[in-house]
Chemist: 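What follows is a structure written as structure tokens; I'll ask about it next.
This one's a predicted model, so the numbers in the text were calculated from it and none came from an experiment.
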Amino acid sequence: MTDLATLLEVGGPLAALGGGAAYTRAKHPGVYWSTVGLPISTARLLSSYSSVMEACGLTVAPSRLRVLAVKATTRREIRPVPPRRGIIRPTSTGLRLRLRLTPGQEPADVAASAERLRHAWGVHAVYVTTVKPGVVELRLVGFDVLRRVRMPRRVDGGFLKVPVALREDATPFVRDYRTVPHQLTLGATLSGKSMYLRHLVAGLAPQPVTLVGIDCKRGVELAPFAARLSALATDPEQAAELLPVLVKEMEDRYDLIKARQGIAPDAPDEEITSDIWGLPEHERPVPIILFVDEVAELFLVATRKDEDRRDEMVTQLIRLAQLGRAAGIYLEVCGQRFGAELGKGATMLRAQLTGRVCHRVNDEASAKMALGDIAPEAVSAACAIAPERPGLAVAGDTSGGWSRIRTPYLSLGDAAEICRESAHLVPDLPALKRFRPDVPVRPVETATGSPVLQPRPVTD
């Protein structure tokens with residue numbers, strides 16, 4: 001009885017401790033990693049580093065000089081040499097350490113063993129990046145950071161840069177318009193595509209840029225941001241009027257570049273290799289970001305007249321995609337599906353969209369349309385996205401690289417409020433004034449407590 005009582009006294013707290021750890025791991029993985037997972041994984045790494053490297057085939061035979069030195073000084077066994085390990089740097093989501101590769105190794109050798117390293121050291125995932133020739137960095141992620149997205153506190157943003165999502169390796173996914181000027185974003189209904197677009201608009205609203213929208217769903221996606229938009233087209237007829245204005249604005253900017261740099265006025269736009277960023281700041285036009293939601297609506301036609309209008313709009317979109325970057329005009333094209341079946345010009349337009357983001361889609365063909373021409377191995381990853389994880393997507397670009405990302409939650413009201421607070425930043429572009437959307441009124445409280453509707457000013 002005494003032994004049983006002692007066992008119960010000891011086992012009770014241990015059971016409570018184990019249950020608390022299991023609960024923390026399930027509900028608060030970040031806290032669990034910092035308190036339990038980090039010390040355990042660090043101890044595993046330090047104690048088994050050489051044996052794990054050898055088991056993964058990442059060791060090489062020692063040099064002849066090393067063999068002679070070991071034989072002359074000790075009698076211990078001469079073992080293969082693993083990559084030299086740097087300092088272990090803990091983070092809130094995992095570990096970082098650098099490896100100096102031994103002669104004859106390449107980063108692909110380490111990347112091929114990432115899954116083995118993950119199991120050996122008890123972490124969620126291992127990612128390998130090249131720092132410089134002969135040096136790679138291992139990023140060990142302790143838990144699934146995409147299950148409950150929390151953006152890092154410090155993110156390198158800046159002008160025309162929007163931290164919009166979190167990568168699976170716990171680094172922020174930054175939409176950089178100077179590096180990737182145009183992008184195609186695909187996703188089925190309830191896949192998180194609208195949330196991604198919401199983050200882009202909210203991130204660009206406080207910046208000195210011009211935001212233009214084409215939303216053929218009667219404006220239900222972009223109308224809440226009307227206070228910050230310089231122009232909004234809510235149907236194909238309005239889009240057919242807006243696109244020529246943007247093309248004319250692009251041509252005027254090319255004329256400005258020609259005049260400043262002494263280029264002949266009759267030189268074709270295609271031969272101008274400079275851009276607006278070479279102009280003095282006081283002469284530089286404000287960048288324009290064009291959001292096109294449900295791009296398929298621009299391609300659908302019912303009559304011959306609609307077909308002519310469609311061909312004209314597609315041609316103008318292609319011109320903006322081909323020549324707009326140098327003029328400071330950037331495209332963000334969104335839709336549920338995009339491919340050659342939409343009609344003439346669809347494939348040509350897609351080829352000009354450098355960045356690709358594919359959320360959950362309804363068929364493999366849609367994933368191939370988004371990623372198949374730049375990263376074929378990413379297609380299967382896009383098809384494996386579960387409906388229970390809205391906002392999860394596969395992001396890639398024409399360099400062939402890709403990664404899984406997930407957008408954090410941002411309510412429509414919060415995004416709209418950011419746009420209302422940034423309404424004074426709407427640039428004065430006379431050509432777009434007739435496309436300026438009506439700003440919805442908002443209720444305010446009077447001294448008696450009764451609501452009064454007042455419009456919020458959108459310009460200085």
Side-chain angles (χ1 to χ4, degrees), residues 25-34 37-38 41 89-96 114 118 123-129 137-158 160-177 179-180 183-187 190-207 332 334 355-361 370-371 375 378 381-382 384-397 399 401-412 414-415 418:
R25 184 174 188 177
K27 298 297 183 180
H28 304 283
V31 176
Y32 177 84
W33 167 256
S34 300
L38 177 61
S41 295
R89 292 173 292 171
T91 66
S92 60
T93 58
L95 294 169
R96 285 185 180 182
R118 178 179 82 87
V123 293
H124 177 74
V126 176
Y127 301 95
V128 182
T129 57
E137 182 178 70
L138 295 186
R139 181 186 292 270
L140 282 66
V141 180
F143 55 94
D144 186 3
V145 296
L146 299 185
R147 188 177 67 177
R148 186 177 300 172
V149 178
R150 293 183 181 274
M151 295 294 289
R153 294 181 180 179
R154 294 183 180 180
V155 180
D156 294 333
L160 290 177
K161 295 181 180 180
V162 181
V164 69
L166 187 69
R167 297 180 187 269
E168 59 183 345
D169 62 354
T171 59
F173 174 75
V174 180
R175 177 73 174 92
D176 187 353
Y177 287 90
T179 303
V180 181
Q183 182 169 276
L184 174 65
T185 303
L186 294 185
L190 299 179
S191 65
K193 176 169 52 66
S194 298
M195 188 69 67
Y196 182 89
L197 182 63
R198 190 180 301 172
H199 272 273
L200 283 178
V201 176
L204 290 168
Q207 302 187 23
E332 198 75 37
C334 306
R356 309 288 176 83
V357 173
C358 183
H359 294 77
R360 178 180 56 82
V361 290
L371 303 167
I385 298 176
E388 295 78 17
R389 283 202 169 186
L392 190 63
V394 175
D397 54 49
S399 66
W402 64 277
S403 62
R404 293 180 182 86
I405 64 172
R406 194 178 188 188
T407 310
Y409 177 77
L410 175 65
S411 69
L412 182 60
D414 291 342
I418 293 174

Chemist: Closest heavy-atom contact between M195 and Y409?
Modeler: CE-CD1, 3.5 Å
Chemist: Do V149 and T407 have side chains that get closer than 4.5 Å, going by heavy atoms?
Modeler: no
Chemist: On a heavy-atom basis, which atom in G94 and which in L38 lie closest, and how many Å separate them?
Modeler: O-CD1, 4.2 Å
Chemist: Apply side-chain hydrogen bond (donor to acceptor under 3.5 Å, both in side chains) to R389 and list each qualifying residue two or more places apart in sequence or on a separate chain.
Modeler: D144
Chemist: Taking only residues two or more places apart in sequence or in another chain, which ones pass side-chain hydrogen bond (donor to acceptor under 3.5 Å, both in side chains) with S41?
Modeler: none
Chemist: Would you please classify the geometry between the Y196 ring and the F173 ring as parallel, tilted or perpendicular, with 30° and 60° separating the classes?
Modeler: tilted
Chemist: Is a donor on one side and an acceptor on the other found under 3.5 Å between the side chain of R360 and the backbone of P390?
Modeler: no
Chemist: Rounded to the nearest 0.5 Å, what separation is found between the NE2 atom of H359 and the CD1 atom of I405?
Modeler: 6.0 Å
Chemist: Do other residues, nucleotides or ligands put more than 12 heavy atoms under 6.0 Å from the CG atom of L190?
Modeler: no
Chemist: Return the set of residues passing side-chain hydrogen bond (donor to acceptor under 3.5 Å, both in side chains) with R96 (not counting sequence neighbours), or none when no residue passes.
Modeler: none
Chemist: Do V145 and L166 have side chains that get closer than 4.5 Å, going by heavy atoms?
Modeler: yes
Chemist: Run the salt bridge (Lys or Arg N to Asp or Glu O under 4.0 Å) test against R175 and tell me which residues pass, sequence neighbours left out.
Modeler: E332
Chemist: Checking the side chain of E168 only, and the main-chain atoms of L146 only, is there a donor and an acceptor separated by less than 3.5 Å?
Modeler: no
Chemist: Is there a donor-acceptor pair under 3.5 Å between the side chain of H199 and the backbone N or O of V162?
Modeler: no
Chemist: Taking the side chain as every heavy atom from C-beta outward, state whether W33 and V141 have any pair of such atoms under 4.5 Å apart.
Modeler: no
Chemist: Would you call L371 and V394 a side-chain contact if the rule is heavy atoms closer than 4.5 Å?
Modeler: yes
Chemist: Tell me, do K193 and L186 make a side-chain contact under 4.5 Å, heavy atoms counted?
Modeler: no
Chemist: How long is the gap from CG on L200 to OG1 on T185, to the nearest 0.5 Å?
Modeler: 7.0 Å
Chemist: Measuring from atom CZ of R406 to atom CZ of R148, what distance do you get when rounded to the nearest 0.5 angstrom?
Modeler: 10.5 Å
Chemist: State whether the number of non-hydrogen atoms from other residues, nucleotides or ligands found under 6.0 Å of R150 atom CZ is greater than 12.
Modeler: no
Chemist: Does T179 have any side-chain hydrogen bond (donor to acceptor under 3.5 Å, both in side chains) partners at least two apart in sequence or in another chain, and if so, which?
Modeler: D176
Chemist: List in chain and number order the residues that pass salt bridge (Lys or Arg N to Asp or Glu O under 4.0 Å) with R139, two or more places apart in sequence or in another chain; answer none if no residue qualifies.
Modeler: none
